[in-house]
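First comes the structure, then the notes that go with it.
Keep in mind that this is a model prediction, so the values were computed, not measured.
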Amino acid sequence: MSLLQDIQKLAKENLPEVIRIRRHMHAHPELSFQEKETSAFVASELEALGIPFTKGWVETGIVAIIEGKNPSKKIIALRADLDALPIQEENDVAYKSTVKGVMHACGHDVHTSSLLGTARILMQLRDRFEGTVKLIFQPGEEKLPGGASLMIEAGALKNPAPSAMYGQHVQPDLPAGKVGFRPGHYMASADELFITVKGKGGHGAMPDKNVDPVLISAHLIVALQQLVSRMAPPAIPCVLSIGKVIANGATNVIPNEVHMEGTFRTMDEAWREKAHEQMVKLGTSLAKSMGGTCDFRVEKGYPFLVNEEALTRRAREQAIAYLGKDNVIDLPLRMTSEDFSYYSQVADTCFYRLGTGNESRGITAQIHTPKFDIDESALETGMGLMAWLTVNELMV
């Protein structure tokens, strides 16, 4: 059989084991930077496969190495994330989360089990490729400052340094068996906004005696949209949303202050920095003009994610060879963010989407929701395609 057929066969044969791994992880989720048991479980799976690894990266991260022939010829890195979200699962399945208020609602159990499946395949084929594959199991994708940035600082991309790096992410509105790619800019940077508007509270029937922070906040929410509609360069995607407003007054009570939280996202670092300055300036000056004050804090989050053009185009073509043209789609820009973006800032990367949905079976819930689940046949695609992409890139 051809190498492609061998990988497809191995992916099918390894599917029951990878489903077992995924279900164990799904039932035992851990929050960001707390993935001690998850890390120990991944380590045990690597030990069983005879794959050498080092642990303790950013406390719970793991870096493993699979060497083919001529190990120093070329290095490819593959990444999966370990952490779960603070969400109470509502699915009625045998592998439902056993941890109250914690759930793998973003598919990191899929990413990690799929990478372990890829590792199984590559170990079985290591006499058929040259080079080295570095497996990075990373903590804390869901929480600032992002485990990726800390793994990079700790040296996870050094000794040896990869010439290319792949990551994949579940996509529930894409059917299982399909994948998606986008060269160039793909996902946005993400910054968190924390705003406190202060005034002078009092009786709601006597606003002339107060400085109303609720009114100031309402003006500020509207005014902040100028950053998107009037100040952002036309060609740069940009989103600003306020998602939390707390004005703890009453029907006849104006509070002393209002707390707000939001997000700012874009795809240009120069505009991002300028926008931060403009937001703070706008909040301060607007509140002052209305008699109040504004404490405006921007917590800088993940940078934008850019897929290296040539690498991603090669990956797309190899995906077509592996899955067929009908199962490979072109992705639009996304204003969501991912800390894989840190890797994309320092290495040639390809971050693609793995379809996990199945409308006929009712598997349609989006990520970060209590009902999120996957069609587990997607794991066969996930492990097999990543193995196929890896061995092909090692031959370039």
Worksheet entry | Asn256 side-chain N/O to Gly201 backbone N/O, donor-acceptor pair under 3.5 Å | yes
Worksheet item: Which value, rounded to the nearest 0.5 Å, describes the distance between Ile216 atom CD1 and Thr293 atom OG1?
Response: 8.0 Å
Fill in: Non-neighbouring partners of His26 that pass ring-ring contact (aromatic ring centres under 6.0 Å, His included), sequence neighbours left out
Tyr95
Worksheet item: With a distance cut-off below 6.0 Å to the six-membered ring centre and an angular limit of 45° from the axis, does Arg316 pair with Phe181 as a cation-pi contact?
Response: no
Worksheet item: Is there any side chain to side chain donor-acceptor pair (under 3.5 Å) pair reaching into residues 129-139, and which pairs are they, with sequence neighbours excluded?
Response: Lys73-Glu130, Arg79-Gln138, Gln138-Asp339, Gln138-Tyr343
Practice prompt. Mind telling me whether His24 and Phe41 have parallel, tilted or perpendicular rings, with 30° and 60° as the class edges?
Written response: parallel
Discussion item. Would you say Arg265 and Thr263 are linked by a side-chain donor-acceptor pair, where the criterion is simply a distance under 3.5 Å?
Written reply: yes
Discussion item. Has Lys74 got a side-chain atom pairing as donor or acceptor with Met395's backbone, closer than 3.5 angstrom?
Written reply: no
Response to the item:
One should read off an interatomic distance between Leu193 CG and Ser241 OG, to the nearest 0.5 angstrom, of 9.5 Å
Worksheet item: Taking atom types as modelled and ignoring hydrogens, do the side chains of Glu141 and Ser32 form a donor-acceptor contact shorter than 3.5 angstrom?
Response: no
Practice prompt. Could you verify whether a donor N or O on one side chain and an acceptor N or O on the other, from Asp173 and Gln171, lie under 3.5 Å apart?
Written response: yes
Side-chain atoms of residues 381-388: list all donor-acceptor pairs with protein atoms under 3.5 Å, sequence neighbours left out, distances to 0.1 Å.
from   : atom 1 : to     : atom 2 : distance (Å)
Trp388 : NE1    : Gln318 : O      : 2.9
Trp388 : NE1    : Gln318 : OE1    : 3.3

Worksheet item: If we ignore angles and hydrogens, is there a donor and acceptor under 3.5 Å between the side chains of Thr60 and Glu35?
Response: yes
